[in-house]
Number of protein chains: 2
Amino acid sequence: MPHKQPPGRPIPDIVVGRLPFYLRTLRSLAAEGLEITSSSELGDRLGLTSAQIRKDLSYFGEFGKQGLGYNISFLIVQLRRILKVDRIWEVVLVGAGDLGRAIANYHGFHDRGFEIRFVFDSDPAKVRQSLSQYTIQDIASLVEKVRAAKIRVAMLAVPAAAAQNVSDLLVEAGVQAILNYAPTSLVVPKGVYVQNIDPGAHMQRMTFYLEA
Amino acid sequence: MPHKQPPGRPIPDIVVGRLPFYLRTLRSLAAEGLEITSSSELGDRLGLTSAQIRKDLSYFGEFGKQGLGYNISFLIVQLRRILKVDRIWEVVLVGAGDLGRAIANYHGFHDRGFEIRFVFDSDPAKVRQSLSQYTIQDIASLVEKVRAAKIRVAMLAVPAAAAQNVSDLLVEAGVQAILNYAPTSLVVPKGVYVQNIDPGAHMQRMTFYLEA
DNA sequence: CAGTGTGAAGAGGTTCACAGCG
DNA sequence: CGCTGTGAACCTCTTCACACTG
């Protein structure tokens, strides 16, 4: 019986959201020299129950061996395939402020399937300057260049006031996934995926639980 | 009958997680000069249903008027109180790399209830250098200084390999809430809250949905 | 016999739909 | 008459518990 790779049941988005953390954890187990793990070891590391991990993985196939556990490198290969990061996605970064600089200098994305191809900014003082290994380009040329390069993934690191405009440009250029660092809700057409990063929201979520 | 401020029913964490986004949206409505809004207007802006917003708010009190909607500035006051950001929390930032620099230079936290008080790093070349308005301090003095200043909230922007060690120091110093930018799971005692920011995980969550 | 994979049971979260009020 | 606040219905997600297997 073959793997049920294209699964019959629909996959909850919340499960998809956990897979990157499973992958991240498996990679550190591998880096520690381990070859085999179990749902309970993964659960301990992640603060989840073993049942949840087994159930999540079971949406995609049967990756473990009863009585033994999971082969770490095999499971890494499977998760990279499932998340479609068994390749490198070219990414466009918009915004060359402090945050854009931190993103451009951060070398942790490559390992996870992403490589910045272009950096754009609207500030004439920044255009043609270099940032990390990139030359900052004028946002006026974004649509043309991103479309020509068939880039489908973007990171948005501009001020909130500019975010919706830039998002519209990205969509026009054919981008289908946007990681939005601006603290504002983007409106995008169906078929475009947005993930928001809002550190201030995370902070406020924690202070709720602190005693006055 | 007074407000049911300390509610009888337990509040789901997922509801708490949405409140900062309600607050953020209300503030932009206020900035647009509006005085009144409705659960459906908020829902439209946030991509949620109006019923969800009414239900979420009802955990904390009755803030609206039937037939009319919500007074924006009143609701802002209430949400700031609920989230305990009707004050300024002093924050310790650990890590003065590119990301730490972007965080230190970002002035959007103050409006949301947070102010950086100290910046620490372990690199002797960085200690005593200035970063934004701060002087980078030796991490060896972290526990003493953070404890003396009674700081309860931290941002962790160090490499993954150092994150658990620094987290242990923060906990020892009395910190109760940690915003963790390192792509690793922290182990902390009960009563310490951790929120993780992992852009790579968000990216992988989106590529799952992209056609090959 | 340790640990997976999975139906079934149990919690938890969302949406419905309408009473009630301004 | 419009919009809130909320039980009840509905749906989704998590945990349980055990048959099964290397």
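Labels below follow one simple rule: chain letters A, B, ... track the order of the sequence lines, proteins then strands, and each chain is numbered from 1. Values in this document were obtained by computation on a predicted structure and should not be read as measured data.
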Aromatic ring proximity B/Y193/A/Y209, centre distance under 6.0 Å: yes
Sugar-phosphate, base or nothing in reach of B/S39, heavy atoms under 4.0 Å: sugar-phosphate
Interatomic distance, B/F63 CZ vs D/dT6 P [rounded to whole Å]: 11 Å
For atom CZ of B/F60 and atom P of D/dG5, their distance in whole Å: 13 Å
Short side-chain donor-acceptor distance under 3.5 Å, B/R24 and B/S28: no
Protein-nucleotide distance (A/L75, atom CG; C/dG3, atom P), rounded to Å: 16 Å
Minimum-distance nucleotide to B/Y70 side chain [options: D/dT4, D/dT6, C/dG13]: D/dT4
Closest to side chain of A/A51, choosing from D/dC16, C/dG22, C/dT14: D/dC16
Selection from C/dG20, D/dT21, C/dT15 that lies nearest to any side-chain heavy atom of B/Q66: C/dG20
A/G67 or A/D56, whichever maps to the more 5' nucleotide of DNA chain C: A/G67
Shortest side-chain distance from A/L68, nucleotide among D/dG22, D/dC3, D/dT15: D/dG22
4.5 Å side-chain heavy-atom contact, A/I72 and A/I36: no
Which residue lies more 5' along DNA chain D, comparing A/T49 with B/S40 via nearest heavy atoms: B/S40
Euclidean distance, atom CD1 of residue A/I36 to atom C1' of C/dA2 [Å, nearest integer]: 13 Å
Base of D/dG7 paired with side chain of B/K55 (donor-acceptor, under 3.5 Å): yes
Nearest-angstrom distance from the residue atom CD of A/E62 to P of D/dC20: 14 Å
Between D/dT4 (C1') and B/N71 (CG): distance, integer Å: 15 Å
Between B/T25 and B/R45: side-chain donor-acceptor atoms closer than 3.5 Å: no
d(CD1, A/I14; P, D/dT15) in whole Å: 11 Å
Phosphate OP1/OP2 of D/dG2: any B/R54 side-chain N/O under 4.0 Å: no
Separation of D/dC3 P from B/L42 CG (nearest whole Å): 13 Å
Among C/dC21, C/dT6, D/dC13, the one nearest A/S58 by side-chain distance: C/dT6
A/D56 and A/Y22: side chain donor to acceptor below 3.5 Å: yes
